[in-house]
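Single-structure report; data block below.
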2 protein chains.
Amino acid sequence: MQLEQTDSTAFVQATLKVLGGKWKLLILWHLKDTAKRYGELKRLIPEISEKMLIQQLRELETDGIIYRETLSEMPPKVQYGFTDYGRTLIPILKPLCDWGQEHLKRMKVNGQNNTNSKS
Amino acid sequence: MQLEQTDSTAFVQATLKVLGGKWKLLILWHLKDTAKRYGELKRLIPEISEKMLIQQLRELETDGIIYRETLSEMPPKVQYGFTDYGRTLIPILKPLCDWGQEHLKRMKVNGQNNTNSKS
DNA sequence: CTGAATCCTTGATGATACTG
DNA sequence: CAGTATCATCAAGGATTCAG
């Protein structure tokens with residue numbers, strides 16, 4: 001798809017590929033403090049389907065953001081957590097989610113209205 | 001779809017709705033320093049179709065992130081720029097895009113390999 | 001418990017032509 | 001110049017079922 005795309009869009013594509021998934025921010029949010037097992041994540045995010053959970057975890061793993069550790073074979077226990085590289089995202093994750101919270105409040109207050117306060 | 005979703009996923013949904021579009025980060029990136037006209041944006045992002053450009057601009061406008069100012073009627077001149085509220089995003093935008101740049105470098109170096117350096 | 005495989009629906013995206 | 005409108009596409013997401 002993106003071959004030698006070193007233009008101005010490349011880094012945006014890259015960022016979006018890592019964080020753009022519908023559930024990735026949420027997954028990372030849950031993992032940012034403590035590593036968690038598959039079942040825990042599933043319980044923490046009830047709305048997500050198993051397929052999507054696995055899929056997004058895999059992608060995050062492929063991107064080097066999180067690791068996957070098999071704790072024992074029988075019964076299966078798998079733990080997911082941030083890699084060192086993934087942790088470089090946390091300083092970004094925090095303000096991003098904070099902003100989301102504030103934005104949510106604002107939407108609730110204004111309803112669908114937007115006070116177009118220009119510069 | 002999301003009715004009274006005040007659970008933990010709400011703020012993620014909100015964030016993704018604002019920034020999740022394929023081109024929004026890029027558009028905001030171009031607008032973050034100086035307001036720009038429609039044609040300038042189109043020229044700066046040649047890959048985007050007119051429909052998507054308008055659409056994403058409209059959504060950002062609806063979300064109160066950017067404003068739209070009609071400068072004259074004939075010939076049409078329309079300028080887009082950050083609102084005061086939108087500017088609250090800039091401190092987030094910067095590190096996010098910086099991270100994207102770094103991530104891009106990393107991908108180029110490692111190819112498709114990921115050095116799974118765990119905690 | 002953790003995960004793989006399949007099928008299906010939908011929203012997001014794109015290409016193109018047209019308009020004030 | 002700055003859009004609109006329409007049609008086509010396509011990948012993401014979701015439901016379900018099966019497996020180690």
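Chain naming here is simple, since letters A, B, ... match the order of the sequence lines and numbering starts at 1 in each.
Salt bridge status for A/Lys24 with A/Glu59: present, with a side-chain N to carboxylate O gap under 4.0 Å. Salt bridge annotation for B/Glu40-B/Arg37: absent, with no cationic side-chain nitrogen under 4.0 angstrom from a carboxylate oxygen.
Nearest to the side-chain atoms of A/Arg37 among the listed nucleotides C/dT2, D/dC1, C/dG14 stands C/dT2. Among the nucleotides D/dG3, C/dG14, D/dA2, the one closest to the side chain of B/Ile54 is D/dG3. Distance from the side chain of A/Glu50 is smallest to D/dT17 among D/dT17, C/dG14, D/dG14. In this structure, of D/dG3, D/dG13, C/dT2, it is D/dG13 that holds the atom nearest to the side chain of A/Gln56. Set against D/dG3, D/dG14, D/dC7, the side chain of B/Lys51 has D/dC7 as its closest nucleotide. Picking from D/dG14, C/dT2, C/dT13 the nucleotide with the shortest atom distance to the side chain of A/Ser49 gives D/dG14.
Within 4.0 Å of B/Arg43, counting heavy atoms only, lies no atom of the nucleic acid at all. Residue-level contact check: B/Lys42 touches neither bases nor backbone, having no heavy atom under 4.0 Å from any strand.
For C/dT2, the OP1/OP2 oxygens have no side-chain nitrogen or oxygen of A/Arg68 closer than 4.0 Å. Between A/Lys22 and C/dG11, a side-chain N or O to OP1/OP2 separation shorter than 4.0 Å is absent.
To the nearest 0.5 Å, atoms CG (A/Leu93) and CZ (A/Phe82) are separated by 5.5 Å. Going from atom CZ of A/Phe11 over to atom CG of B/Leu25 covers 8.0 Å, rounded to the nearest 0.5 Å.
Rounded to an integer number of Å, the gap from B/Glu69 CD to D/dC1 P is 19 Å. When the C1' atom of D/dG13 is taken as reference, atom CG of A/Leu26 falls 15 Å away, rounded to whole Å. To the nearest angstrom, C1' of C/dA4 lies 15 Å from CE of A/Met52. With rounding to whole Å, B/Trp23 atom CH2 is found 9 Å from C/dT13 atom C1'. To the nearest angstrom, P of C/dT2 lies 12 Å from CZ of A/Arg58. Atom OH of B/Tyr38 and atom P of C/dG20 are 17 Å apart (whole Å). A straight line from OH of A/Tyr80 to P of C/dT2 spans 9 Å, rounded to a whole angstrom. Straight-line distance from the CG atom of A/Leu53 to the C1' atom of D/dG13: 13 Å, rounded to whole Å.
In this structure, B/Gly39 and A/Gly21 both approach DNA chain D, and ranking their closest nucleotides by distance from the 5' end singles out B/Gly39. For A/Pro76 and A/Gln55, each mapped to the nucleotide of DNA chain D holding its nearest heavy atom, the one lying further toward the 5' end belongs to A/Gln55. Along DNA chain C, the nucleotide nearest to B/Ile48 and the one nearest to A/Thr70 differ in position, and the one closer to the 5' end is contacted by A/Thr70.
Side-chain contact check for B/Leu28 versus B/Leu19: some heavy-atom pair is nearer than 4.5 Å. Proximity of B/Thr15 to A/His103: side-chain heavy atoms (C-beta onward) are nowhere separated by under 4.5 Å.
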